[in-house]
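Let me begin by presenting the structure, written as structure tokens, before commenting on it.
Here the structure is a predicted model, which means the values were calculated and not measured.
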Amino acid sequence: MRHGQTDANLGGQIQGQDDVPLNDTGRAQATAAVEKIVPLGIKRIVSSDLSRATETAGIIASQLNITVEYDPRLREYNFGDLGKMQPGQIDLDIIGVLLSTPQKINAEPIPDMFARVAGFLNEIDKNQNTLVVSHGGTMRVMMYYLQFGKDINPVEFVKFARGQHIGNAQIFAFRNKKFELVR
């Protein structure tokens, strides 16, 4: 599940690892999500440690009477100097820098993000229904990894990720090597 809405989401800004809280709409989205989550039989909740995810997870956990576990590996991609920009401001040249020399803009190398998220996924008990509350970028890595395997091609990943819209508080179930939107 992606966290609920923040004011930065509303303004179309990239948040990355900036610690941005939910707004009132985001809190309402988290509360409404419980109705979709109950039928999934969730037994465990693991959340990114950024506040927009922890607050979303906390709202759900209080309704399900489950304790939330926090894992920093579920944080959003660190966009470095691109934080607070609008996605439309990121041109192909900047994407090229993200792929080749992300340290020039203080960004996280894509393979590093992939490794941290894959590390989390490799440790999770696949026989226990677990709700993972994280971020759009993190979810795209999960989708790519679980569908296509352990090797990452950063260029192919960026192409894949740009085609995946994940709205605030959307819930996806992973079944039969596919992600399905929970309605």
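In this structure, Arg27 and Ile59 have side chains that are in contact, with non-hydrogen atoms separated by less than 4.5 Å. When side chains are defined from C-beta on, Arg183 does not count as touching Lys36, because their heavy atoms never get closer than 4.5 Å. Contact of the Val141 side chain with the Met113 side chain is registered, since non-hydrogen atoms from C-beta on lie closer than 4.5 Å. Inter-residue side-chain proximity for Gln15 and Asn9 is flagged as met; some heavy-atom pair is nearer than 4.5 Å. Residues Asp7 and Val20 are not in side-chain contact: their nearest non-hydrogen atoms beyond the backbone lie 4.5 Å or more apart.
Cluster annotation: Leu74 is not connected to Met1 through the hydrophobic network of ILVMFWY side chains, with a link wherever side-chain heavy atoms come within less than 4.5 Å. Follow the hydrophobic side-chain contacts under 4.5 Å out from Leu181 and you reach Tyr144 in the same cluster. Cluster membership check: Leu50 does not share its hydrophobic cluster with Leu10, using side-chain heavy-atom separations under 4.5 Å among Ile, Leu, Val, Met, Phe, Trp and Tyr. Val133 and Ile124 are members of different hydrophobic clusters when ILVMFWY side chains are connected at heavy-atom separations under 4.5 Å. Cluster membership for Val46 and Val68, using ILVMFWY side-chain heavy atoms within less than 4.5 angstrom, is not shared.
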Decide yes or no on side chain to side chain contact (heavy atoms under 4.5 Å, CB included) for Tyr145 and Ile152, but give the supporting numbers first.
CA-CA 8 Å; Tyr145 179 77; Ile152 183 165; over 6 Å; no
Criterion side chain to side chain donor-acceptor pair (under 3.5 Å) on Asp19 and Ser51, from CA distance to verdict:
CA-CA 6 Å; Asp19 204 12; Ser51 64; 2.9 Å; yes
Derivation and outcome, side chain to side chain contact (heavy atoms under 4.5 Å, CB included), residues Met142 and Val132:
CA-CA 10 Å; Met142 287 185 227; Val132 176; 3.7 Å; yes
Just do the side chain to side chain contact (heavy atoms under 4.5 Å, CB included) check on Arg116 and Arg75 with the steps written out, would you?
CA-CA 9 Å; Arg116 69 177 161 85; Arg75 287 183 178 184; 4.0 Å; yes
Kindly indicate, with the supporting measurements, whether the criterion side chain to side chain contact (heavy atoms under 4.5 Å, CB included) is fulfilled by Tyr70 and Thr54.
CA-CA 8 Å; Tyr70 303 98; Thr54 64; 3.5 Å; yes
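Heavy-atom minimum distance, Asp125 versus Arg44: N-NH1, 4.4 Å. Between Gly167 and Gln170, the shortest heavy-atom distance links the atoms N-OE1, 2.6 Å. The heavy-atom pair separating Leu146 from Phe179 by the smallest distance is CD1-CZ, 3.7 Å.
Looking at Arg140, its side chain does come within 3.5 Å of a backbone N or O of Ala161 through a donor-acceptor pair. Thr130 places a side-chain N or O within 3.5 Å of a backbone atom of Gln128 that can act as its donor or acceptor partner. Asn176 contributes no side-chain N or O that, together with a main-chain N or O of Lys178, makes up a donor-acceptor pair within less than 3.5 Å. For the pair Glu69 (side chain) and Ser47 (backbone), a donor-acceptor distance under 3.5 Å is absent. Judged by distance alone, with hydrogens and angles left aside, the side-chain atoms of Thr56 form a donor-acceptor pair with the main-chain N or O of Gly4 at under 3.5 Å. The closest donor-acceptor contact from the side chain of Lys43 to the backbone of Leu131 lies at 3.5 Å or more, if one exists at all.
Once rounded to the nearest 0.5 Å, the distance linking CG of Asn168 with NE2 of His135 reads 11.5 Å. In this structure, OG on Ser134 lies 12.5 Å from CZ on Arg73, to the nearest 0.5 angstrom. From Asn78, atom CG reaches atom CG of Asp18 across 8.5 Å, with rounding to the nearest 0.5 Å. For the atom pair CE of Met85 and CZ of Phe79, the computed distance is 10.5 Å after rounding to the nearest 0.5 Å. Distance check: Ile171 CD1 to Ile166 CD1 gives 12.5 Å after rounding to the nearest 0.5 Å. For the atom pair CD1 of Ile60 and CD1 of Ile37, the computed distance is 3.5 Å after rounding to the nearest 0.5 Å.
A salt bridge between Arg52 and Glu76 is absent, with no side-chain N of the basic residue lying under 4.0 Å from a carboxylate O of the acidic one.
Other residues, nucleotides and ligands contribute more than 12 heavy atoms inside 6.0 Å of the CG atom of Asn122. No more than 12 heavy atoms of other residues, nucleotides or ligands lie within 6.0 Å of CD in Glu35, so this atom counts as exposed by the packing criterion.
Taking the six-membered ring for Trp and the full ring otherwise, Phe172 and Phe174 have centroids separated by 6.0 Å or more.
Between Phe160 and Phe157, the angle of the ring planes lies from 30° to 60°, which puts this pair in the tilted group.
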